[in-house]
Engineer: 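Sending over a structure as structure tokens; questions will come in a sec.
In what follows, chains are A, B, ... by sequence order, proteins preceding strands, each numbered from 1.
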There are 2 protein chains.
Amino acid sequence: MGSPLSRDPIADARRNWEERGWADVAAPMAAITAIMRTQQILLARIELTLKPFGLTFARYELLALLSFARNGSLPMKKASTLLQVHPTSITNAVDRLQDAGLVRRSPHPTDGRTTLVELTDEGRTLAKRSTAALNAAVFSDPGFGPDDVDQLIRILRDFRRNAGDFTDS
Amino acid sequence: MGSPLSRDPIADARRNWEERGWADVAAPMAAITAIMRTQQILLARIELTLKPFGLTFARYELLALLSFARNGSLPMKKASTLLQVHPTSITNAVDRLQDAGLVRRSPHPTDGRTTLVELTDEGRTLAKRSTAALNAAVFSDPGFGPDDVDQLIRILRDFRRNAGDFTDS
DNA sequence: ACGAAACCATTGGATGTCCTAGTATATTGC
DNA sequence: GCAATATACTAGGACATCCAATGGTTTCGT
């Protein structure tokens, strides 16, 4: 996309903020901008790793979620809630995964409103293989030291709880 | 989107990873997943704040970048590099900002290949007003404590440098 | 039991991003 | 001068997300 810069563009932005008299919010601005950029880098790595499997991150997340469910099946709504995305995004992801033969829809046994998404054998296999690929290519060398990983987990857990994602400790 | 969960879904995912024998990468997985989710929350807040101004985050970033440039103008390529996005994304953003009368294109005085993007008066005004809105609505209450903000800045700066974003200290 | 309200999944439409490829033009290096 | 390089645009496609609206189902209050 671009060759490496000689200066940190986010540090520059922070300086600009301070010079304009917004020093009180310059640091949070820098932190938030850095999160945006970091997400972009990580997402690119993840999608690159998943590409050979024909998966995007959104679809992988659903596949992985199903692979951890009791019998490999979940109500659509439940998936939407757990993955924190709109119901229509689940519909979209399930459509594509179903076309690829990785999941199938089935009616809920007792509640006629909800439909269940269920892993196929092929889907379960691909979930395992793609997870192994992600573990090897991304998670095993994340670009953060062990201490920083712990810090991140704590800071972002607090943030997400504060944002209303969940309520437990 | 969904009511708050009673349990942290990322902590659950981490437990699942550990139970499957991937304990060595479970923590980085959790950290990376948390970054993804945090970015999603922050982006939603930012876009909500920018919506009244008819701006998306991508367009705001370009507008803000221009407002800090020497004379409010930059070569397209330079903007692409500084914002770390694809050149076509800059073209797309400039198209829309130009339609809204916020920027205009002009030929580079000496290099006939490059075109400059320049803020209009209207664009400069909107940059100022939308930045004030973001400062007030998002950056002044980011959801991180001051110490955590500093931690984030340091950790993510190291990460970005390591990822090849820039080279300085 | 019945009707209103709430819930679930889907559709269609609109946005927006990124990527690839190809084209036109201009610059730079040899 | 000529070849290689650089810049920006266009066109087309793949995705993901959000929104509003729809049809079907369940739940709840009376």
Side-chain angles (χ1 to χ4, degrees), chain A residues 1-3 36-37 39-48 50-51 53-62 74-100 103-118, chain B residues 1-3 36-37 39-48 50-51 54-62 73-100 103-118:
Chain A
M1 196 157 315
S3 38
M36 296 300 197
R37 175 59 185 153
Q39 187 266 355
Q40 190 182 7
I41 294 169
L42 289 170
L43 182 60
R45 286 186 192 170
I46 290 172
E47 300 253 321
L48 189 67
L50 292 176
K51 194 160 196 167
F53 301 98
L55 293 174
T56 63
F57 184 52
R59 286 179 236 171
Y60 167 78
E61 276 195 300
L62 181 53
L74 278 179
M76 305 271 293
K77 174 63 176 175
K78 185 84 177 176
S80 166
T81 304
L82 290 174
L83 296 181
Q84 321 264 13
V85 297
H86 269 244
T88 52
S89 296
I90 299 293
T91 295
N92 185 300
V94 170
D95 283 350
R96 297 171 192 278
L97 289 172
Q98 195 169 34
D99 287 349
V103 306
R104 70 176 143 259
R105 286 178 166 91
S106 64
H108 191 285
T110 68
D111 188 333
R113 289 171 301 183
T114 89
T115 81
L116 298 176
V117 198
E118 187 182 4
Chain B
M1 195 156 317
S3 38
M36 297 299 195
R37 174 59 185 152
Q39 187 266 355
Q40 189 181 7
I41 293 168
L42 289 170
L43 182 60
R45 286 185 192 171
I46 291 172
E47 301 252 320
L48 189 66
L50 292 176
K51 193 160 197 168
L55 293 175
T56 63
F57 184 52
R59 285 182 237 171
Y60 167 78
E61 277 195 298
L62 181 53
S73 83
L74 278 179
M76 307 269 291
K77 174 63 176 175
K78 187 84 176 174
S80 166
T81 304
L82 289 174
L83 296 180
Q84 319 264 14
V85 297
H86 210 267
T88 55
S89 295
I90 299 292
T91 296
N92 186 301
V94 170
D95 283 350
R96 296 169 194 277
L97 288 173
Q98 195 168 37
D99 288 348
V103 305
R104 69 174 144 262
R105 287 179 166 91
S106 64
H108 191 285
T110 67
D111 188 335
R113 289 170 304 183
T114 89
T115 81
L116 298 176
V117 198
E118 188 181 1

Engineer: To the nearest 0.5 Å, what is the distance between CG (A:Leu55) and CD (A:Glu47)?
Structural biologist: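 Interatomic distance, A:Leu55 CG to A:Glu47 CD, rounded to 0.5 Å: 9.5 Å.
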
Engineer: Can you find a side chain N or O atom of A:His86 that sits less than 4.0 Å from OP1 or OP2 on D:dC18?
Structural biologist: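 Yes, A:His86 has a side-chain N/O under 4.0 Å of OP1/OP2 on D:dC18.
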
Engineer: Would you compute the distance between atom CG of A:Leu62 and atom CZ of A:Arg59 and round it to the nearest 0.5 angstrom?
Structural biologist: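 Those atoms lie 10.5 Å apart.
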
Engineer: Taking atom P of D:dA14 as reference, at what distance in whole Å does atom NZ of A:Lys51 sit?
Structural biologist: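 To the nearest whole Å, that distance equals 12 Å.
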
Engineer: Which atom pair, heavy atoms only, marks the closest approach of B:Leu83 to B:Ile90?
Structural biologist: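 Minimum heavy-atom separation between B:Leu83 and B:Ile90: CD1-CD1, 4.3 Å.
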
Engineer: Which residue lies toward the 5' end of DNA chain D, A:Gly112 or A:Ala93, if each is placed at its nearest nucleotide?
Structural biologist: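 Whichever sits nearer the 5' end wins; that is A:Ala93.
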
Engineer: Could you tell me the separation between the OH atom of A:Tyr60 and the P atom of D:dC15, rounded to a whole number of Å?
Structural biologist: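 Nearest whole value for this atom pair: 19 Å.
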
Engineer: Kindly indicate whether the side chain of A:Val94, heavy atoms from C-beta on, has any atom under 4.5 Å from the side chain of A:Arg105.
Structural biologist: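 The answer is yes, as the side chains (C-beta and beyond) meet within the 4.5 Å cut-off.
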
Engineer: Nearest-Å distance, CZ (B:Phe57) to P (D:dT17)?
Structural biologist: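 After rounding, the gap between these two atoms is 18 Å.
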
Engineer: What does the B/S/- profile of nucleotides 9-16 of chain C look like, 5' to 3', with a 4.0 Å heavy-atom cutoff to protein?
Structural biologist: SBB----S

Engineer: Tell me whether A:Thr115 contacts the main-chain N or O of A:Pro107 through its side chain, where contact means a donor paired with an acceptor under 3.5 Å.
Structural biologist: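 No, because the side chain of A:Thr115 does not come within donor-acceptor range (under 3.5 Å) of the backbone of A:Pro107.
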
Engineer: Output yes when a side-chain donor or acceptor of A:Ser80 lies under 3.5 Å from a complementary backbone atom of A:Met76, and no otherwise.
Structural biologist: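 No, because the side chain of A:Ser80 does not come within donor-acceptor range (under 3.5 Å) of the backbone of A:Met76.
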
Engineer: Is any side-chain nitrogen or oxygen of A:Ser89 closer than 4.0 Å to OP1 or OP2 of D:dT17?
Structural biologist: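 Checking A:Ser89 against D:dT17: at least one side-chain N or O falls below 4.0 Å of OP1 or OP2.
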
Engineer: Main chain of B:Gln40, side chain of A:Gln84: is a donor-acceptor contact present, judged purely on distance under 3.5 Å?
Structural biologist: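 It does not hold such a pair.
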
Engineer: Is there a donor-acceptor contact under 3.5 Å linking the side chains of A:Thr88 and A:His86?
Structural biologist: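 Their side chains do not contain a donor-acceptor pair, so the 3.5 Å distance test is not met.
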
Engineer: Where do B:Met36 and A:Phe57 come nearest, in terms of heavy atoms and distance?
Structural biologist: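 Reported closest heavy-atom pair: CG-CE2, 4.0 Å.
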
Engineer: Please report the distance, rounded to the nearest Å, between CG in A:Leu50 and C1' in D:dC15.
Structural biologist: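 About 14 Å, once rounded to whole Å.
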
Engineer: Specify the separation, in whole Å, of atom CG of B:Leu97 and atom C1' of C:dT17.
Structural biologist: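 Rounding to the nearest Å, CG of B:Leu97 and C1' of C:dT17 are 15 Å apart.
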
Engineer: Could you state the CD-P distance from A:Gln84 to D:dA16, rounded to the nearest angstrom?
Structural biologist: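 One finds 18 Å between P of D:dA16 and CD of A:Gln84, rounded.
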
Engineer: Round to the nearest Å and state the distance from B:Gln39 atom CD to D:dT17 atom C1'.
Structural biologist: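 My rounded result for the distance is 12 Å.
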
Engineer: If a pair means Watson-Crick or G-U wobble with both distances below 3.5 Å, what does DNA chain C look like in dot-bracket form, with | marking bases paired to a different strand?
Structural biologist: ||||||||||||||||||||||||||||||

Engineer: Check the distance between C:dA6's P and A:Asp111's CG and give it to me in whole angstrom.
Structural biologist: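 The distance from CG of A:Asp111 to P of C:dA6 comes to 17 Å, rounded to the nearest Å.
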
